Structures are given as C-alpha cells and as structure tokens.
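Remarks on the structure that follows.
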Amino acid sequence: MSPLAKRYEPQVVEEAVLDYWKKNDIYEKTVKMRENGPRWNFLEGPPTTNGFMHVGHARGRAMKDAQLRYMTMRGYNVWRRGGWDMQGLPVELEVERKEGIADKGEIEATMGMDLFVQKCKELVDFYLERWVNDSVRLGLWLDYPTAYQTRRDDYIEHVWHFLKLASKKGLLGRGYRVTPTCPRCVTALSSHEVSQGYKTKEDPSIYVKFKLVDKENEYLVIWTTTPFTLLSNEMVSVHPDYTYVKVQVGNEYWWILKDLVETVMAKAGITDYKKVKKLKGSKMLGWKYEHPFKNEVPWHQEHHEKYMHAVVTGKHVTIEDGTGLVHTAPGFGPEDFEVGKEYGVPVLCPVTNRGLFTDEVPMFEGKYVFDVNAEVPKMLEKKGLLVHQDTIVHEYPHCWRCDTPLIYLADKSQWFLKMKGVRDRLVKKNEEIEWTPEWAGTGRFGDWLANADDWCISRSRVWGSPLPVWVCPDCGHEIVIGSREELRERATEMPKDFEMHRPWVDRVVIKCEKCGAEMKREPFVLDCWLDSGMAHSASVDYLRNPELFKELFPYDFITEAVDQSRGWFYSLLYTSVVMHDKAPFKACVSQGHVLDEDGGKMSKSKGNVVWAADAFKGLGADPFRIYMLSRSAPWTRTNYSPKEIELTRRNLDILWNVVLFADTYMDLDKFKYDEKRMRKNLAKADIEDRWLLSRVQSVVKRFHEQMEQHLYHHASRALLEFMSEDLSRIYLPLVKKRVWLESENPRKIMAYDVMYYTLQSLLRSLNVFTPFLCEKLHLDFLSKYGDGLPESINMTDMPEVDEKLLDLELEATFEVLEELRSAASNARNKRGVKLRHPVAKVMLEPSSPEVARRAESLREILLNDLNTREFEVVKSGAMDRYASLSIKPNFKALGPRVKGKMKALVSVLQSADASKLRAELEKGKTTVVVDGEAIEILPGDLEFEESLPEHLSSADSRIGKVFVDVTRTKELESEGLVRDVTRRVQVMRKELDLNVDQDIEVTVQFSDEESLQLAQMHKDYLATETRAQVLDLVGPKAKPKWKAFKYVKEWDIDDLKIKVGMSPV
RNA sequence: GGGCCCGUGGCCUAGGCUGGUUAUGGCGUCGCUCUGAUAAGGCGAAGAUCGCCGGUUCAAAUCCGGCCGGGCCCA
C-alpha cells in the first residue's frame, strides 16, 4: 500500500485497511477461498437494533471475531451470517418518546398503529446502519448483506411454525399467570426482562395486626413493604415446622415467630411484654381472622371459602425478616398465587395493568398503587391495627427500559410455553454443551433450567411478532396458524398490503370451523426473546431451505454475555429442543460484563456508558481489541480503562518498530525471503537464530493450545510477550551488529530470513486479535520481501508447529543468558560500573551442571553482551577464597558476660578465622582465648558478614552466583572512555537527523591531556562506529575552528569535559 | 432466603483445576543505566499477614468448612 510511517497510528492504519478491504472485496475473497474446507459454523446472537454499540458489546464482538478469524485461517469454511434483533418494547418506547406519545393507549388516538409501526421500522433501520458501521469499524467480519432480521416475514414465519408445533405438543397454554407488569409500558415482562432491572427502592415497611375471629383480643402480626396489596390479602402463611409464640402486650395477645419477637418488639418500641404460649406453625392451620378492609372491599364480604382469611402453612416462610407470618395475596405475587391454588381460594386482583385500582375497591378506584401505599397505613392506624411503621431500602424490580417499579399482577389472558414435559430434555441436552467456563453451563444455567417457570410469551404491545392465535368469540374455539400460506387458505379476506405485523395481521378474519362465526386474532405480540431464540432455524430460512439447515445444525459455537443465560441461551435451547430435540450449539463461551473504570455498572442514567465508536476513534480498534481480550479471562467482568488501553497499545508500538527496523535494513539490501535457504543454512546459523526459531515453535504451540480452549487472554499474552521479550528485547540487539555487515554476508542474510520467518508466524497468529495492524504489515512488509503472498493475511494459513525447528535445550540455554545478564547488571550496579565500560572478567558459580554447560555454550555472546574481556564458569566453592568473612560481635549479648574483657575480645575476634568460628557455632558453642582466659561463645553472640574484595562484586540468581571483576586498567579505561564519547557523537548525529549511512567529519577536544591519550588508543573504534571519515582528537590547548562545523556541542563525562564539532560530508 | 462468581503491594492483574524454593507481570514513585528500530528497554529500591478464622497436610494463595465484603442472577 505505502511505506511504513515512522510512528504507529492505529486510526490511520485502520482507516487505510478498511478502505483496502472494501475496494478489493477482501472479505468475500477469503470466504470464497475457503468454501471447500470443512464447515465450522457460528451462530450470531443478534444485537438489538436499539441504541448504539457500547464497549461491552464491542468486547464480545471482538471475541467473536478472534474466534472466526482463527478458524478461517485454520482452513475451515466458516459460517458467520450476521443477525439483528429488531422488534420489541424498547423500540416502541423510543418512538413514543420521539413522537411525544405519553403511553401505549395514545397510539391509536394520535397517529394510528400503521404510522406507529412505520416509525418503529424507520428507527430500527437507523440503528441497524449504525450497528453495521460500528461492527465494520471494529473489524468484525460477518456476512452483513445476508444478515437475518427478526422483523422480516420470512423470519416471523418460523416463530409461527414453532408455536403451532408447540401447540400440537401441548406446550402452548393460556390462563392465569401472575406476571411482573410495568404499569408505564402497560405490558407484562418476562422473567429475563425483570432480571435486568433490579434496583434499590425506598418503600414503606409496616407491621399490621389481624384480629383473630372467635378469640378474645388475639391478633396475627404480619409485615409488608407493599401496603396496597393488603387490599386483596386472602391468607396468612406460617411455616409448619417453626415455633410461634403468643405475646402479651397490654391486654392484647399477638402471635409472632419465636425467633423474631425481640426484633419486632424493639422496632415497635415495646419493652413491656410477656411470652405466654408456644405453638408449632402447623397447629395454627385454619385459624380465621378478620380482614382489615372487610367493610371497604365488598369482595371480602362475599367470599367464605374454608381457607379464605385464614392461616395456611408453607415452607416459603422465612425467619430472616418480618414477623414469620406472611401476608398472602394471590393476585399480587407468584408464590402467593401458588399458595392460593393449593388451598383452593379464588383470586382477587383489583388492579389494572396500568397500576390503577378497579371498582372492586371503590375507595381507591382509579388510584395508582404506589400512591395507595401511603394511604393504607393511615387507615390502619385509624382502625388501631398498625403496630409499627417505618421505611426500608431494598432491591426491587424495575422496568428495564423505563425504570418504573414493577407490580406483580394476576392476569388470566396471558399465553405461555410450558416447562412441564420439556424440562428433563432441556437439562439433558444442556449437559451435552461444552461451556466455557464450565460452571456457566452446569451451575448457573443448569440449576436455573432445573427450576425455571413457564415462559410467558405474550406482550400487550404493537411492534413485535404477532401471536398467531385466532379465537372464536362465540364458541371459544382457538386455532394456531403455522404459516402465511395456512393463513391465506383459512382467511375469509386478506388485506392487500398484508404483512406479519400489527395492525395488518389483526385485520385478517377467519371463519370458525365449528360455529361459522368470525374468529379474531388474540391481540398480543410475542416476547422478542422468542424471536431471537428461533435463530437456529429462522436465520437460515429453514422452512424453505432445509438442506442448508441440515449442514449447519447444530452450530459449533456461540458466545454472548452472561446475562444471556436466561435470555438467548435459554430461548435457543427451548425452541431447538422442542423442534429438533437437540441442543442448537455445541460450545458456548459465556462472557463477563464490561464495567466502568471504578467497577460500576454502565448505564444511561448514570451517564457512564462508553460508546464503541468513540473508543475506536480515540484509541483505535486494534488496541481496543487486544486490550479487551488480553486483559482478563473471557468470563470475568472487566473494568473499562482507556489508560490501560494506552499501555497495551505500547506493545503494538514495539511491534511496529521491530518491523520498521527490519524494513530499514532489508530495504537497503534489496532482501528477498527464501525459506528453503534458511532451512538449508540452519546448521551453520548463529545460536540466537536457532534459538529464536525454536521460540517461534513454542509460542505457536501455546497459542494454538489456548485458542482451542477459547482462552483468548492466554493466547494473546503469549504472542505479545514473545514479541516484546524474545524478539525485540533479546534477539534484535544480538543481530544488530550483523545487519551492518557487507551486503552478501550469509550471517546477515540468515538474520533477515529468521526475522522474516518469525514476523510472518507472529503476524499471522496475532491477526486474530489485531487484524488491521497485521493486514497492514502483511501488505507493506511481508509482501514486500516475500514472493507470491496472497492479497490479504486472512488468506494465509495459521502457522503450525515445526518440530524440526524446536530445540528446548537451546531455549533453556537462553534462560541462562537472561539470568546472567540480569545478575551481571545487578553486580555492576552495586559498584556503579556502567555497562558501557568493559570489565576484566565475569564468573559464574553455577547452581547445576546443566547451567554450567549452557553458560559455556553462550561464551561468545556473553563476552560481547556483558561487555567483559573474560567469562569463566567456576567450580562450586571456588570463589570462597576471595570472600572474606568479617565478624560483628553482638555487644548486647556478650557485654553482660564478658564485661571488662570486651575490648580485648574484639581485637582477638578481628584476627580470628571467621569461617572456622562460624562452622563451630553452627554446631553449637565454642570458646575463644582472651588474655589466657577461655571465653565461651554461644550462637547469637556473633554475626558474620560476607564481604568481597574491592575488585569483585557479586549477585545471586536462580542459576547460581555471578561475580564481576571490576579491576581497572589503562586499556579498559580507554575503551570505556571512547564508548562514552561515541555515545555522545551518536546522539549528535541523531539530533542532526542524519541518515544511518551518512558520513561525517568530527573534532573532539578533551579538557585534559590524560584523557586525550586514553582516547587515542581506541580512536579507530570511534571513527567506525560514528562513520567519521575525518576524526581529530585534540587536547585542551588546541584551537579548532568550531565555526566551520555544522553542529558543536559541549559534554560532561563525569569530571571530564569534551567539546565536539560535527559536519556531514 | 437460595444459586453462581470474585477478593492477591497505592492501583490493575497472573497463578488456583493438578498444594512444593524467594507469589507473576504491569502502572505509578525513587536511584542507576542502555540505546542509530523503539514515545521503548535493563538493573536496583520502597511496597503484599494472597479478605478473615479454622481444618486437612511434612508443606496451603492453591484443597475443605465457616465468616466478612463486593458483583451478578433468582426469590
């Protein structure tokens, strides 16, 4: 494409690559190229086209892309159709907001359903475009043109097909459900929707007493945080096994759970009370009480069932809060509803799905439930039934879209899919799925499946797949329609512009086959999770294309965030098991969420959401991707931190610079990569060449192992570490000298071949994480020096491990090298000897024979690398004779015993044999003779300090002890000085921005004659290293013509001053 | 109340399944140093009771139990 820029700028690279891909149809070509490979099928979990992509979505999508690119480059024919979830409540709500519609009831009155649906379509089209743009910008390669859309008739038809099948199997039901309802959106919510909206809420917390019938002054004390539900209270539940007590308070008797008496009394501020009787909960069954609002609510006067207004027992009663007696209102709670069913009491639910009381409660008719919450306690107080009142802050479900607190309402018209009869199959099929991490499937999802309730699928809304059920108003006959064709056949009349959405579908009338009346469609739409759940079949148009379906199903892989356990993972599994009796996917990676920088949840209301497009623009998609995937395990939650992305990005800078280095010299030499040549010359290659080639194999091996387990964080780190440690930090400095050799030198060519081979393997692997950068380097570097490469790195194959190049012994040898370097630096550092100054000798006292052998084989590298004249591996203990042990008496311990002889003792100890003393003390006590008197020395009386003579410094390491001989000689001084000067001249070259091969002329003036003499000894070195054609070294008295130089600068080198003049020639 | 996950220097993080020298790496701070690919790199210093308590074991960050704290999910 173009020469590499001096600096890596991700955004610039990415824009250019995106453009290249588009202009050259690269994605299409990679697909075509692999079409004969074995199939590997991915099922895309469709994002909702409502709102924009945030960084959490983007993390998941980066994982998808890494997996897809990996499989593609392993030769698979990867199925990767995109998909979009386009219907549902969120879309309606946004349209309502934009159009200024207060709630659903106003739709017909203001704009009509036709126009409303049109607006919904326009809205999802708008977001769809944004989502595609952001996904493309992220580098996520999916089939976008063929992407499935849940709003299309072809798609919806599959949902109908499924419901008809479920109905035939007896799984589709209708009837009373207590459903969480949003009074603002006027619709029931599914349990997975509820689960998204738990928030803290402040509620009243009231303790109320119910008077027992036929008993003098005896009351049941109950607790509730939703006072309005008392209006339809029907029972009080107690635990059959727990103990309850009768407490005397004044002249009244209250029944409370034994364990909670103190708590309740303390809350109510009652100190004067007495427990008078104990009873097991089961004994209280059937006790009748007087409903507190019997007079106000006619319904309570009209019902006299055995357990109406009576104590019942249930094991759901807990002892943690409240009174242990649980107020039970079947119309307002799922558990209460079950209790009601069990005890055969009818349901009272005097509230509409807008949260308003009906005429069944005349005094509150038309009032909002949460307003009534405040009035109920007042009334109870007047009646003398309120024991205590305060407030509580707790987690309460809210509408996930509009934040309105939900209410649980019994509604007999809801439609649902049954769990009974399918549950066992679901659990069994789930066990066949390979989950990452394992607990996501077995624990979390598996347990939930085993306990899941029926699935309420009906929604009283507009923009969604319509429920395909028509009902006869006269005889009640119901039919489920399974396809458009079937509908056409049955319909007495089809609208001209028919589509499978409201309001058009509502206009279809069917003649009842039983009584001949006109059947009307049940005016519900379906839970959008049912839409997306059908993706296993609907996304490939199973009804018209069963052959394709057969090829793909079950899919090899899906991955979504953990909240999809109850969402998509579940709806996919349910529909697939019912339809095909198979789990629809073989493997699933459950991803953790992305939180804000402080670990808080990202939400629009908090204003802490980071949009993906902004992240790509600000930081680049590649840095974003590799940060997200390398930072932590896929299933753990991650705090989003731009600062950390910048740090990760530095790794990519290093890669860029490595390539730039290679490119600079390869370009000068018109290098062409030849793998055969490299392999042929391998035996004669330098040790670091063979080492690096082996490291490539080890890293590629690890990369594959980790990718196969979906451990992207390990896979990416292995590559990054290899790149910055092995390649950049270790290998490149070792070959630097070689790239300066004359052009046809085989050692140089070898270095080039090895670098090229390494970068090729690295870039192909890394491509799964940073596809833009790797494509760029493929085009501008790999293709420049290698012949016959395809036009995209994605059209090449993943590197495989080449056992012939693997040499673990050599890798272990280089670990010794690293240890030696670090220990030698440490030892130098202790004496303040710069690495630039050569030392006389470095010695290693190795920890094992292997280390000794490996160190020996490194001799040549070590001399240069440690900047030492000699390197020696010494025998164990060989250095002891240099080490002197000094004795430090412990005066505190010795003083009291030795007293006046202390001075004499110290002088004796100074000349004593310290190592002998230490050996004796290790065995026990010993004696020292002072002035003819034996003094007993105990362990702890003396401390020993090892010290090395002035010319030696040492450091410990894992491979043994390293000694550096820092003896100064004229020769060493000279070399050090010249290197110091060289360094300054090099800096000046760089400051002048000279080309690496630019010749110069230089004059250096020294502030003292002695230094000048020293420098003269290695003048040649200075001239060669700095490419100085003319080099004058002069003393303090000389008067060079400084004005003749292009650049003149004075430097301090410790006490020495030098002045350097330089010009290019 | 139940289920699942998490808790490692000031901050972020690896390791935990399979117990074993001095607990990984990074950011930041300080001192030194290296460098003609590098906005990088290296050496060193300071900084951790691996949430707490108990158990198993010769040996626990790791396994087991309990508790505390945080998150998510469900009641």
Side-chain angles (χ1 to χ4, degrees), chain A residues 4 6-8 191-192 194-196 198 315-321 333-335 395 397 437-440 442-448 450-453 561-563 565-566 590 592-593 595 597-601 630-633 635-639 641 643-644 646-651 653-665 713-714 717 720-721 724-725 728-730 732-733 736 739-740 818 821-837 847 867 955-958 979 982-983 985-991 993-998 1025-1027:
Chain A
L4 293 172
K6 282 274 173 230
R7 283 254 302 142
Y8 167 53
S191 59
H192 20 266
V194 175
S195 71
Q196 298 193 40
Y198 274 83
K315 303 213 166 166
H316 63 285
V317 174
T318 63
I319 58 168
E320 265 61 33
D321 40 30
E335 279 188 344
E395 291 290 301
E438 208 192 317
W439 51 258
T442 53
R444 197 177 183 131
F445 190 46
D447 288 353
W448 184 73
N451 299 304
D453 285 335
V562 58
D563 54 293
S565 297
R566 277 113 175 125
S590 166
H593 282 129
L595 308 176
E597 205 155 3
D598 306 317
K601 198 173 171 174
S630 65
R631 182 179 166 84
S632 51
W635 55 87
T636 54
R637 72 193 132 84
T638 290
N639 298 0
S641 158
K643 213 171 67 192
E644 300 272 329
E646 277 298 331
L647 293 174
T648 312
R649 175 234 155 104
R650 283 197 207 167
N651 278 297
D653 285 335
I654 295 173
L655 174 61
W656 186 270
N657 286 319
V658 167
V659 174
L660 211 55
F661 170 84
D663 183 55
T664 304
Y665 295 102
H713 61 315
H714 287 158
R717 281 178 197 189
L720 289 179
E721 266 167 38
S724 68
E725 295 292 304
S728 166
R729 187 167 72 75
I730 301 176
L732 288 196
K736 253 180 196 174
V739 302
W740 283 91
E818 278 306 292
R821 278 183 174 176
S822 129
S825 293
N826 188 345
R828 276 173 171 271
N829 212 309
K830 283 179 185 165
R831 292 298 167 88
V833 183
K834 301 171 178 181
L835 184 57
R836 209 185 287 139
H837 290 180
S847 61
N867 197 14
D956 287 321
S957 81
R958 285 206 318 242
R979 287 177 70 147
T982 303
R983 170 75 193 130
V985 177
Q986 301 288 38
V987 170
M988 288 172 69
R989 281 189 66 115
K990 212 172 175 182
E991 284 169 353
D993 203 21
L994 300 181
N995 275 338
V996 287
D997 52 353
Q998 172 70 52
E1025 286 292 310
T1026 62
R1027 289 197 164 241

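Since this is a predicted model, take the numbers as computed values, not measurements. Sequence lines set the chain letters: A, B, ... in the order given, protein chains first and strands last, and positions in each chain run from 1.
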query = Sequence neighbours excluded, which residues qualify as side chain to side chain donor-acceptor pair (under 3.5 Å) partners of A/Asp653?
reply = A/Arg649
ask   = Expressed in angstrom and rounded to an integer, what is the separation of A/Asn651 atom CG from B/rG25 atom P?
value = 15 Å
query = Which residues pass the salt bridge (Lys or Arg N to Asp or Glu O under 4.0 Å) test with A/Glu818, sequence neighbours left out?
reply = A/Arg729, A/Arg821
request  = Measure the spacing between CD of A/Gln986 and OG1 of A/Thr1026 and express it to the nearest 0.5 Å.
outcome  = 6.0 Å
message = Can you list everything that forms a side-chain contact (heavy atoms from CB on, under 4.5 Å) with A/Ser641? Sequence neighbours excluded, please.
response = A/Glu597, A/Tyr627, A/Lys643, A/Glu644
Collect all protein-nucleotide pairs involving nucleotides 6-16 of chain B in which both atoms are nitrogen or oxygen and the distance is under 3.5 Å.
| unit_1 | atom_1 | unit_2 | atom_2 | d |
| --- | --- | --- | --- | --- |
| B/rC12 | O3' | A/Arg631 | NH2 | 3.4 |
| B/rC12 | O2' | A/Arg631 | NH1 | 3.2 |
| B/rC12 | O2' | A/Arg631 | NH2 | 3.1 |
| B/rG15 | OP1 | A/His714 | NE2 | 2.8 |

key: Those residues that, when tested against A/Thr638, pass side chain to side chain donor-acceptor pair (under 3.5 Å) (two or more places apart)   = A/Arg59, A/Ser632
task = For A/Tyr665 and B/rU38, give me the distance from atom OH to atom P, rounded to whole Å.
result = 9 Å
key: C1' spacing across the pair B/rG70 / B/rC17, given as an integer number of angstrom   = 24 Å
Distance between P atoms of B/rG28 and B/rU35 (Å, rounded) = 23 Å
query = When you match A/His593 and A/Thr664 each to their closest nucleotide on RNA chain B, which lands nearer the 5' end?
reply = A/Thr664
ask   = Contact class for A/Lys643 vs. all strands (heavy atom < 4.0 Å): base, sugar-phosphate, or nothing?
value = nothing
key: Sequence-distant partners of A/His713, side chain to side chain donor-acceptor pair (under 3.5 Å), two or more places apart   = none
ask   = Rounding to the closest angstrom, what is the interatomic distance between B/rC12 and B/rG2 at atom P?
value = 30 Å
Dump every N/O contact between nucleotides 40-46 of chain B and the protein below 3.5 Å, one line per pair.
| unit_1 | atom_1 | unit_2 | atom_2 | d |
| --- | --- | --- | --- | --- |
| B/rC43 | O2' | A/Asn826 | N | 3.3 |
| B/rC43 | O2 | A/Asn829 | ND2 | 2.7 |
| B/rG44 | OP1 | A/Asn826 | ND2 | 3.3 |

message = List the residues meeting side-chain contact (heavy atoms from CB on, under 4.5 Å) with A/Asn651, not counting sequence neighbours, and say none if there are none.
response = A/Leu720, A/Met723, A/Ser724
inquiry  = So, using side-chain contact (heavy atoms from CB on, under 4.5 Å) as the criterion, who are the partners of A/Ser728 when residues are at least two apart?
reply    = A/Ile654, A/Val658
